[in-house]
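Let me begin by presenting the structure, written as structure tokens, before commenting on it.
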Amino acid sequence: MISKGDIQNLAKLSRLEVSNEELAKLEQELPSILDFVETIQKAEVGKETKSPELRNVMRADENPHESGKYTEALLKAAPAREGNRIAVKQVISRQK
Amino acid sequence: MDLLKLTITEARRALDAKEYSALELTNAYLDAIREKNPEIHAYLEVWEDSAREEAKRADERIARGESASLTGIPLAIKDNMLIEGRTASGASKMLENYVASYDATVITKLRAQNAVFLGRTNMDEFAMGSSTENSAYGVTKNPHDISRVPGGSSGGSAAAVAAGMALAALGSDTGGSIRQPASHCGLVGLKPTYGTVSRFGLMSMGSSLDQIGPLTKTIEDARIVFDAISGHDQNDSTSVPDGFYTSRAIRKIIGVPRAFINQGVDPDVLMLFDAALERFKTAGYEIRDIDLPNLPYALPVYYIVCPAEVSTNLARYDGIRYGLSIPADTIGEVYTKTRGAGFGPEVRRRILIGTFVLSSGYSDAYYRKARAMRDVIRAEFDAAFAEVDVVAFPTAPGPAFKIGEKAADPLAMYLEDIFSVTANLIGVTGMSIPAGTVEREGKTLPVGFQLHAPHGGEKTLFAIGSDVEKAL
């Protein structure tokens with residue numbers, strides 16, 4: 001079953017800041033949701049299952065739109081920019 | 001004009017006959033919104049100026065005698081569909097100030113008919129919920145009883161139409177989010193076949209489940225909106241090519257999974273459902289009890305598949321490209337703080353559950369098993385559809401519930417979806433139709449029933465639904 005440590009790990013994996021107060025609440029809620037969905041373990045699944053309508057959808061990589069056509073519209077939505085780039089915090093830090 | 005009763009069909013006739021102009025019609029709705037919205041809170045934003053401009057252009061087109069079915073028709077749009085230059089928030093703090101940089105395909109199609117956009121409607125945050133209580137901007141109230149929820153997640157769209165604040169509305173349905181609010185507000189709500197309406201410009205929640213559809217007063221109105229927004233779109237790779245599904249001849253047989261339905265439904269709601277079946281009999285239909293042994297697994301399967309897709313889809317909200325961004329010292333902290341501040345409780349629950357069911361060591365037992373069960377349930381329905389035209393269910397186990405009644409219990413809220421998630425899991429079309437009313441604490445509350453038809457079976461739903469709609 002899912003423990004407090006598990007929930008903290010899940011929050012870390014999901015890049016989600018969770019307060020201690022919320023953690024206490026989630027410790028109650030998540031196990032009851034998982035208990036419910038776990039009922040499918042009782043179900044039997046045959047080998048012959050298929051998803052008939054699944055198919056690949058592809059197109060030729062051709063006729064690109066004119067370069068820069070959407071750049072301004074998309075950059076306008078960014079929280080921080082430098083010229084024609086989205087600015088982010090340093091991703092790789094130097095060894096200390 | 002009586003906005004509480006007006007239909008698209010009637011407005012079309014009156015507009016084309018020049019009994020009133022599209023501008024007059026739009027102004028009437030804007031007046032109704034100004035009067036009622038402060039109490040109902042169906043709209044998060046109303047676009048008075050652009051709506052009037054759109055209505056004027058519609059009038060010019062009507063004057064040329066070139067009107068399309070939705071020319072000059074005032075519509076409400078759920079706040080998870082993009083309209084270029086307009087805020088689209090998904091009722092989340094994450095996108096409070098996000099301005100859409102393009103039009104969703106459904107919007108492009110409605111614009112091509114010169115429809116009028118009145119505003120964006122309230123919803124559960126990122127469409128997760130069954131009551132609109134998960135909106136970051138306050139709950140929408142049910143026009144039939146303002147102490148109750150309108151259903152959700154498309155609750156703002158449903159309340160807007162039911163209160164005469166829009167002639168029709170677009171909603172989105174991932175597990176019942178069009179049909180359940182339609183039931184709670186006394187409307188027709190259509191969840192189209194997966195892939196028939198483009199999802200381009202719809203905020204993704206469960207990408208294998210989401211579909212856009214109409215909330216209207218009549219089945220004919222639902223058909224008109226569906227015809228306007230459906231069709232293949234190369235911008236959505238899951239969009240179905242036109243003519244992909246072949247239509248079937250109607251044999252006038254309704255399937256009812258009786259063993260499943262009899263559990264957990266309010267007695268008077270079940271009575272209305274049975275009364276609807278009686279009307280089918282009167283109209284010459286055979287009612288056939290069908291066995292769908294794995295149907296009880298549909299809801300747990302849904303609450304594995306949906307959170308799994310939510311956890312991956314909502315990874316895009318990271319404070320980098322658009323939306324909320326909380327400044328921090330490291331990029332990792334920008335992610336965690338932004339997501340920690342931007343997402344509400346239900347969204348967080350689903351992200352965590354989704355991360356769990358997809359995690360190494362658990363994904364076989366949860367996610368993969370759920371996917372396999374999805375195919376099993378689909379095969380059972382395929383077999384059922386070989387002998388019946390449609391499968392009938394109540395839309396929800398009860399009428400609209402009180403604000404706050406289920407807010408503290410996520411599982412109780414999930415049970416609202418018990419009869420609706422199947423259509424999304426297997427990709428078929430489903431429609432909720434008003435079945436009558438029940439009494440609760442002296443208030444008269446509407447209740448719907450729903451029909452599921454095979455893939456591409458919208459015409460079947462419209463035809464069969466119309467046979468009993470007149471009798472209701």
Side-chain angles (χ1 to χ4, degrees), chain A residues 2 6-19 22-23 25-26 28-59 70 72-81 86-93, chain B residues 98-99 101-102 195 234 237-240 244 294 296-297 299-301 303-304 311 315 318-325 328-337 339-341 343 345 348-349 351-357 359 365-366 369-370 372-376 378-379 410-411 414 427 455:
Chain A
I2 193 165
D6 290 337
I7 297 173
Q8 272 169 324
N9 266 336
L10 289 173
K12 208 172 146 194
L13 281 170
S14 335
R15 307 280 187 270
L16 192 63
E17 191 174 70
V18 174
S19 68
E22 190 186 1
L23 202 59
K25 219 172 145 206
L26 288 167
Q28 308 298 315
E29 289 169 348
L30 297 195
S32 71
I33 295 171
L34 289 175
D35 274 350
F36 172 68
V37 300
E38 253 172 30
T39 54
I40 69 161
Q41 303 312 336
K42 289 183 295 191
E44 278 176 39
V45 179
K47 288 196 179 79
E48 70 296 339
T49 58
K50 58 183 172 27
S51 292
E53 89 286 23
L54 295 183
R55 65 197 194 287
N56 283 323
V57 177
M58 301 207 252
R59 65 170 176 84
Y70 301 110
E72 192 52 39
L74 295 173
L75 275 173
K76 249 189 351 205
R81 69 186 276 186
I86 291 173
V88 297
K89 285 281 170 189
Q90 193 172 3
V91 178
I92 302 166
S93 48
Chain B
Y98 171 69
V99 176
S101 32
Y102 63 96
Q234 63 171 11
S237 64
T238 61
S239 171
V240 172
F244 185 77
N294 283 293
Y297 292 117
L299 194 64
V301 165
Y303 275 99
I304 290 171
S311 73
D318 58 4
I320 304 295
R321 288 163 302 161
Y322 53 85
L324 183 72
S325 187
D329 292 338
T330 67
I331 194 161
E333 282 174 332
V334 173
Y335 296 152
T336 54
K337 286 185 186 303
R339 292 164 64 79
F343 291 137
R348 305 157 82 86
R349 272 194 291 271
I351 288 173
L352 293 170
I353 292 279
T355 306
F356 177 76
V357 300
S359 62
Y366 289 90
K369 180 74 184 270
M373 284 305 296
R374 217 175 154 170
D375 291 338
V376 169
R378 181 180 170 133
L411 268 182
Y414 294 175
H455 295 84

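Here is the naming used below: chain letters follow the sequence lines, and residue numbers restart at 1 for every chain.
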Look at [options] and state which one has the largest set of heavy-atom pairs under 4.5 Å with chain B.
options                   : answer
A:Ala73, A:Ser14, A:Ala11 : A:Ser14
A:Gln90, A:Lys76, A:Glu22 : A:Glu22
A:Ala78, A:Pro79, A:Ser19 : A:Pro79
A:Val91, A:Ile86, A:Ile33 : A:Ile33

Got a second to check how far B:Thr355's OG1 is from A:Asp6's CG, nearest 0.5 Å? 12.5 Å
Could you go through A:Glu38 and B:Tyr366, starting from their C-alpha distance and side-chain angles, then the distance that decides it, and tell me whether this counts as side chain to side chain donor-acceptor pair (under 3.5 Å)? CA-CA 7 Å; A:Glu38 253 172 30; B:Tyr366 289 90; 2.4 Å; yes
At a heavy-atom separation under 4.5 Å, does [X] approach chain A through its side chain, its backbone, both, or neither?
X        : result
B:Tyr303 : both
B:Ile320 : both
B:Val301 : both
B:Ser311 : neither
B:Phe343 : side chain

Quick check: are there more than 12 heavy atoms from other residues, nucleotides or ligands sitting under 6.0 Å from CD of A:Glu72? yes
For atom CD of B:Gln234, decide whether the heavy atoms of other residues, nucleotides or ligands shown that lie under 6.0 angstrom number more than 12. no
Which heavy atom of [X] sits nearest a heavy atom of [Y], and at what distance?
X        : Y        : result
A:Leu74  : B:Ser101 : CD2-OG, 3.8 Å
A:Pro31  : A:Leu26  : CD-O, 3.6 Å
B:Tyr335 : B:Asp318 : CD2-O, 3.4 Å

Residue part contacting chain B, namely of [X], when any heavy atom lies under 4.5 Å:
X       : value
A:Glu29 : side chain
A:Val88 : side chain
A:Leu30 : both
A:Leu16 : both
A:Leu75 : neither
A:Lys12 : neither
A:Gln28 : neither

Which one, [options], leads in non-hydrogen pairs under 4.5 Å with chain A?
options                      : answer
B:Thr238, B:Val99, B:Leu299  : B:Leu299
B:Pro300, B:Gly340, B:Ala328 : B:Pro300
B:Arg348, B:Lys337, B:Met373 : B:Arg348
B:Ala365, B:Gly332, B:Ser325 : B:Ala365

Distance under 6.0 Å and angle within 45° of ring axis: B:Arg349 vs B:Tyr414: no
With B:Tyr297, which residues qualify under ring pair (Phe, Tyr, Trp, His ring centres under 6.0 Å), at least two apart? none
Does the side chain to side chain contact (heavy atoms under 4.5 Å, CB included) test come out yes or no for B:Arg339 and B:Ile351, once each step is laid out? CA-CA 11 Å; B:Arg339 292 164 64 79; B:Ile351 288 173; 4.0 Å; yes
